[in-house]
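This is a predicted model, so every value here is computed, not measured. FYI, side chains are in, hydrogens and waters are out, and symmetry mates aren't considered; it's all heavy atoms of this structure. So you know, we letter chains A, B, ... as the sequences are listed, proteins then strands, and number each from 1.
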Number of protein chains: 2
Amino acid sequence: MRNLMVKLKYDGKDFCGWQVQNGLRTVQSVFQETLWDVLGEKTPIHGCSRTDSGVHANEFCVSFRTECSVPCDRLPLALNAKLPCDIAAFDCIQMPNDFHARYNCRGKQYRYLILNSQLRDPFLHARALWYKYPLDAEFLNAQAQDYLGMHDFSAFCSAGSDVQDKVRTVSQCGVRRLADNPDMLEFTVTADGFLYNMVRIMVGTLLQMSAGMLKKDSIPDIILSKDRNKSGFTAAACGLYLNKVLY
Amino acid sequence: MRNLMVKLKYDGKDFCGWQVQNGLRTVQSVFQETLWDVLGEKTPIHGCSRTDSGVHANEFCVSFRTECSVPCDRLPLALNAKLPCDIAAFDCIQMPNDFHARYNCRGKQYRYLILNSQLRDPFLHARALWYKYPLDAEFLNAQAQDYLGMHDFSAFCSAGSDVQDKVRTVSQCGVRRLADNPDMLEFTVTADGFLYNMVRIMVGTLLQMSAGMLKKDSIPDIILSKDRNKSGFTAAACGLYLNKVLY
């Protein structure tokens, strides 16, 4: 019995997030059907996190135990041959017996893309937030540094979460304009864990500071308030990518 | 009565090409419906070329005459507010009275994208040709230079074309690996005009030379043969982008 980890990429546009939900097309339900078909056994699978409807993944890790003897270097190819065009497997690694994609996760990096242009781009539909008003990447980057460190991020957690401990440690955070497309802004954040909608509220808060609807340098006060009403709006799911999973 | 040119971008995946066809979703039919709605008059429109089903455009030019007084800098925004997510207008210029987007076109540049990786990429589905076998960009680039110049490109024209004169002048042609994604190869070609499927057959010919199914350095002989049976396969539409239109 091997314990395997498979890495996936997916375009979240036509998925109702990761987790199985009755009657809805989710990444977990589509992936596990294909995996069970390839392995010939209905083994339970564990995802590294739950992504919301419309959120994308450049790297999403799944672990499962299997009796199947398919070699690790063959499994992604066998899966890709049967997976639909919006999911692909790109790696498979044999892990220690007690490894679990969710419980062993030490941290994650998310990426949030903003198309900052007066004009829509058909190639970025559902793949970036379209934001028409001018943005200053250096200003946003300077403000984003206030997210760094260990804080109670209650003000950056949507209602509906049943998580008790809302302390998380942000180890990296930044905003930059992409070199190959100056209309694109990229927000990246790395932390040991994330609360419900945390990245999207972080982005919405920066955008509202840029627009003057929230005060400059107010992130430390918003964090201290632990009040969701003090932070900004929840930026659209379509701009968000789970980018790296750290073990 | 002004004569205007509007520039469009579109994701060709869900369009049956440019030209109006009964009962099919085409770029022309969707765009002219929106334009007529915005202008308040059913003016005939002229596209710079016909793109095939599934082919994309980073720049496609359309000209039309109008009595409507909407300023040029407002028209793209007014159109974008009503166009579907897979088309956007990004420029509008007033042209001389006798300008026609197709007849005045002096040349075009096409771009063809190839995902050269063992693994599929969900974000490039329907946006690049997926080619699994190793490709040598320098070899392909060297071979592509044989397309340069004025030639009868009959060997690079699909059956079904009623064009008589098949002489075209290729002024630029090249293959390179993209700096920001080494799994991506880009073929670009600029000419004064293109025959039916010409770019896709040029790409298919290079890929078959790479695979050893066509002889190295055989492009001059294939051109001289004027025989479609001597050139390579027609590479898939999804990798092709109309990139620039020259006036």
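- Of the listed residues (A/A179, A/A89, A/A88), the greatest number of heavy-atom pairs within a distance under 4.5 Å of chain B belongs to A/A88.
- Taking 4.5 Å as the heavy-atom cut-off, the residues of residues 117-129 of chain B that approach chain A are B/Q118, B/L119, B/R120, B/D121, B/P122, B/F123, B/H125, B/R127, ordered by number.
- Of all residues in residues 58-85 of chain B, those placing a non-hydrogen atom less than 4.5 angstrom from a non-hydrogen atom of chain A are B/N58, B/P76, B/L77, B/N80, B/L83, B/P84, B/C85.
- Residues of residues 238-247 of chain B that come closer than 4.5 Å to chain A, counting heavy atoms only, are B/Y241, ordered by residue number.
- Around OH of A/Y196, the count of heavy atoms belonging to other residues, nucleotides or ligands within 6.0 Å does not exceed 12.
- Looking at B/Y10, the atoms closer than 4.5 Å to chain A (heavy atoms on both sides) all sit in the backbone: N, CA, C or O.
- B/D180 touches chain A through its side chain: at least one heavy atom from C-beta onward sits under 4.5 Å away, while N, CA, C and O do not.
- For residues 39-50 of chain B, an interface with chain A (any heavy-atom pair closer than 4.5 Å) does not exist.
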